[in-house]
Colleague: 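Can you read through this structure? Questions will come right after.
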Protein chains: 4
Amino acid sequence: MKAISKSQIKRDALVKATISLVNNNGFHATPMSKIAKMANVSPATIYLYFENKQDLVNQVYIEVKAEFSTYAFKDYDSEVDVETGFEKIWKNIANYKLKQVDQSLFLSQCDNTPMIDEESRQEGLKHLQPLLELWERGKNEGVIKPLSPYLLYAFTIYPISFLVNMENRNLCSIGKGELEKAYSTAWNSIKI
Amino acid sequence: MKAISKSQIKRDALVKATISLVNNNGFHATPMSKIAKMANVSPATIYLYFENKQDLVNQVYIEVKAEFSTYAFKDYDSEVDVETGFEKIWKNIANYKLKQVDQSLFLSQCDNTPMIDEESRQEGLKHLQPLLELWERGKNEGVIKPLSPYLLYAFTIYPISFLVNMENRNLCSIGKGELEKAYSTAWNSIKI
Amino acid sequence: MKAISKSQIKRDALVKATISLVNNNGFHATPMSKIAKMANVSPATIYLYFENKQDLVNQVYIEVKAEFSTYAFKDYDSEVDVETGFEKIWKNIANYKLKQVDQSLFLSQCDNTPMIDEESRQEGLKHLQPLLELWERGKNEGVIKPLSPYLLYAFTIYPISFLVNMENRNLCSIGKGELEKAYSTAWNSIKI
Amino acid sequence: MKAISKSQIKRDALVKATISLVNNNGFHATPMSKIAKMANVSPATIYLYFENKQDLVNQVYIEVKAEFSTYAFKDYDSEVDVETGFEKIWKNIANYKLKQVDQSLFLSQCDNTPMIDEESRQEGLKHLQPLLELWERGKNEGVIKPLSPYLLYAFTIYPISFLVNMENRNLCSIGKGELEKAYSTAWNSIKI
DNA sequence: AATGAATGAGTATTCATTCAT
DNA sequence: AATGAATGAATACTCATTCAT
């Protein structure tokens, strides 16, 4: 059993506060003082854990992205057949986005604004490798259309973000049925 | 032929400057003074045309969204058969996003951050009505799968944004061939 | 008659306030807010006239140094004989330092601390040229000892600062008699 | 032989670090944390040896001044004739300032800024007594002009600081010859 | 209509000092 | 004696907004 240090607890609180506040107000409308207050520390304390505001948000981004990727490939077996593997990953991602609403929203902002260093953004891209490999295999096996990974991603994974955003804004609701429909739409769009 | 007033010219310059600066720096990192400088007016002048910064960006959003919608349904005849109509609209949208890069980037930021009033956001949604009606007809005619408009949008229109973003960041390039592939993927995912 | 602009008045007030506060507290212990308050403007206004704190103090230094130099050579005729010329300049400098106490103190701090850019410091050195030329002539005429300008300065001009500092701290008083004695000591130390 | 305690070593390291950092950055631009780091102790440790930052710099000043005075009268015999005694002291002082560059620079800053308590400054003045007595004797013996100690100091000792400062800034170089010239200039200016 | 000057309210960041260990 | 973590109080600088002209 791992003992969690007091420091780690504070750092985690800061990360959490950052996500929440940036989600609600955006990067520049989130003062360090508010982050500190929400994490129950002094503003100066933030600077014990992060170099500055930019560094804070960069690190949060990288951590959330890593957590997301871990979740995306949970219980995924790269030996399994392509369709089964794709379904696993797709539903993992969908479930993550549906449950970890804050984290997803945060990533969504990071991916569409100039708030993250390009470097950190690149760092965050590394993690999807297994999915790319699965697609490659699917194309070789003649199960998946010969499309670039960008197209495959755009028509299967990216739409999830839209649906989740809509649900978060209470514009629609995604139950089990909807999710299943969404999945088969995704799969239909790329299977041969 | 309509004479364009001096006022209108200034307003247009302000709108243009806002789009450009917000794209590059984000809403909160874009000072009014810079917008003014780029539009060659005094900061005080902005307040003759807009109530305040929030109002400025709201209005810009609504205008860009309107322009976008107009383009989306250009040469679209609502009497035409469903597939033809869908292709027209889809390609209009894709072309707009590929050509009007600044505007698209701006909308992308607005749609993923808390920088726009919810009210203005609602305002911007109204414009897609003809597409929704087309889909409705398609479902009735048994040409399009019986999916909610959110799903249809998520898997056909929304992916375009991803592709265009990737192209703008020079991560991939979208030529005629790619566009055609993307279109048929979109159509495949919703046609029966 | 020259009209002094409102802007110039504000700038002057800022310069004056800077001198006074830096004298009493030192550069780093002088907040911009206090300078603003003493000059009866908002802190933000300082930045209309100066780029930042360093720029402010650099400019003040250069201006004071220029004022000092002007005074040093007031009514000085470079054609006059060496001893007369030297006496004129020496007494000008002494009088300036005795009367313009604030300015002198300020220069004294600037010359002995790392508070001024090296560039501005160089800028400030230019002004003593006529004195150097006088010394050169004096050496050629065999009236002044063949010493380097640094030595000449160290033993004739620099001592004035010490005396004035002592008077400012009320450790001694410099009346007419004292000044005359000081002058002849200075002249004695370099004349042949 | 005296054993130097571990405490004394740390204290010395702190004093040294303070001198070095204050020389390069000035009093207020020298954080306690940097002093601690340079002395290889924790910031908190400083407060075991000194009450606070002001106390630290005051004590450093007094110690350096004492070291300086000791050096100034090394091998000085108060029975010796006035000129010989003056030469001894003058050259001691000059040599100290030339060799102990850091200490001299530090004293120079202290003497020209409001960084030291007036009290500590007074404390530092006490040490020149033997020089004052020598001058008194010289005046009585008719060897030295009847000038106030302030004038004598201003025209013989104070100039050394200027020369050393110039050398430190690499604006001039002071070799044996220069030093000898400087000494005779000093003596000339006060001898009868 | 148009503006340049002015500013109050804020924000990121620093730092002397303390305290639990 | 020694420390690393923590912080409250400051401080330079920015910016949306106003106002006299």
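Lettering follows sequence order; numbering is per chain, from 1.
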Colleague: Roughly how far, to the nearest 0.5 Å, is CD of A:Gln59 from CD1 of A:Ile62?
Modeller: 7.0 Å
Colleague: Represent DNA chain E in dot-bracket notation, 5' to 3'. Only Watson-Crick or G-U wobble pairs with both distances under 3.5 Å count; pseudoknot-style crossings use [ ] and interstrand partners use |.
Modeller: .||||||||||||||||||||
Colleague: May I ask you to decide if D:Thr30's main-chain N or O and D:Lys53's side chain share a donor-acceptor pair within less than 3.5 Å?
Modeller: yes
Colleague: Is a side-chain N or O of B:Asp117 found less than 3.5 angstrom from the main chain of B:Glu119, in a donor-acceptor match?
Modeller: no
Colleague: Closer than 3.5 angstrom, by distance alone: can the side chain of A:Ser120 be matched with the main-chain N or O of A:Asn58 as a donor-acceptor pair?
Modeller: no
Colleague: Ignoring hydrogens, what is the shortest heavy-atom contact between C:Ile116 and C:Val57? Give both atom names and the distance.
Modeller: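 Distance-wise, the nearest heavy atoms are CD1-O, 3.8 Å.
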Colleague: Going by number, which of residues 41-56 of chain C have a non-hydrogen atom under 4.0 Å from DNA chain F?
Modeller: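 Heavy-atom contacts with DNA chain F come from C:Ala44, C:Tyr47, C:Asn52, C:Lys53.
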Colleague: For the atom pair CD (C:Glu118) and CZ (D:Arg169), what is the distance rounded to the nearest 0.5 Å?
Modeller: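 One gets 6.5 Å once the value is rounded to the nearest 0.5 Å.
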Colleague: Flag the pair B:Gln100 / B:Phe106 as yes when at least one side-chain heavy-atom distance between them is below 4.5 Å, and no otherwise.
Modeller: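 When only atoms from C-beta onward are counted, B:Phe106 and B:Gln100 do not touch, as no gap falls below 4.5 Å.
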Colleague: Give me the residues of residues 14-33 of chain C where at least one heavy atom lies under 4.0 Å from an atom of DNA chain F, by number, or none.
Modeller: C:Thr30, C:Pro31, C:Met32
Colleague: Do A:Asn52 and A:Asp55 have side-chain heavy atoms sitting under 4.5 Å apart?
Modeller: yes
Colleague: How long is the span from the CD atom in D:Gln103 to the NZ atom in D:Lys65, to the nearest 0.5 Å?
Modeller: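 Going from CD on D:Gln103 over to NZ on D:Lys65, the span is 13.0 Å.
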Colleague: Let me have the donor-acceptor pairs involving side chains of residues 31-51 of chain B, under 3.5 Å, with sequence neighbours excluded, atom names and distances please.
Modeller:
{"residue": "B:Ser42", "atom": "OG", "partner": "B:Ala44", "partner atom": "N", "Å": "3.1"}
{"residue": "B:Thr45", "atom": "OG1", "partner": "B:Ser42", "partner atom": "O", "Å": "3.4"}

Colleague: Could you check whether A:Lys10 gets within reach of a base, just the sugar-phosphate, or nothing at all, counting any heavy atom under 4.0 Å?
Modeller: sugar-phosphate
Colleague: If I compare all heavy atoms of C:His28 with all of D:Ala29, which pair ends up nearest, and what's the gap?
Modeller: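 Looking at all heavy atoms of both residues, the closest pair is CE1-CB, 3.4 Å.
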Colleague: Pairs under 3.5 angstrom only: tabulate donor-acceptor contacts from the side chains of residues 107-115 of chain C to other protein residues two or more places apart or in another chain.
Modeller:
{"residue": "C:Ser108", "atom": "OG", "partner": "D:Asn112", "partner atom": "OD1", "Å": "3.0"}
{"residue": "C:Gln109", "atom": "NE2", "partner": "C:Val22", "partner atom": "O", "Å": "2.9"}
{"residue": "C:Gln109", "atom": "NE2", "partner": "C:Asn23", "partner atom": "O", "Å": "3.4"}
{"residue": "C:Asp111", "atom": "OD1", "partner": "C:Tyr61", "partner atom": "OH", "Å": "3.3"}
{"residue": "C:Asn112", "atom": "OD1", "partner": "D:Ser108", "partner atom": "OG", "Å": "3.2"}
{"residue": "C:Asn112", "atom": "ND2", "partner": "C:Ser108", "partner atom": "O", "Å": "2.8"}
{"residue": "C:Thr113", "atom": "OG1", "partner": "C:Gln109", "partner atom": "O", "Å": "2.9"}

Colleague: Which two nucleotides bound the region of DNA chain E that has atoms under 4.0 Å from heavy atoms of chain A, read 5' to 3'?
Modeller: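 Endpoints of the contacted stretch of DNA chain E: E:dT11 to E:dC15.
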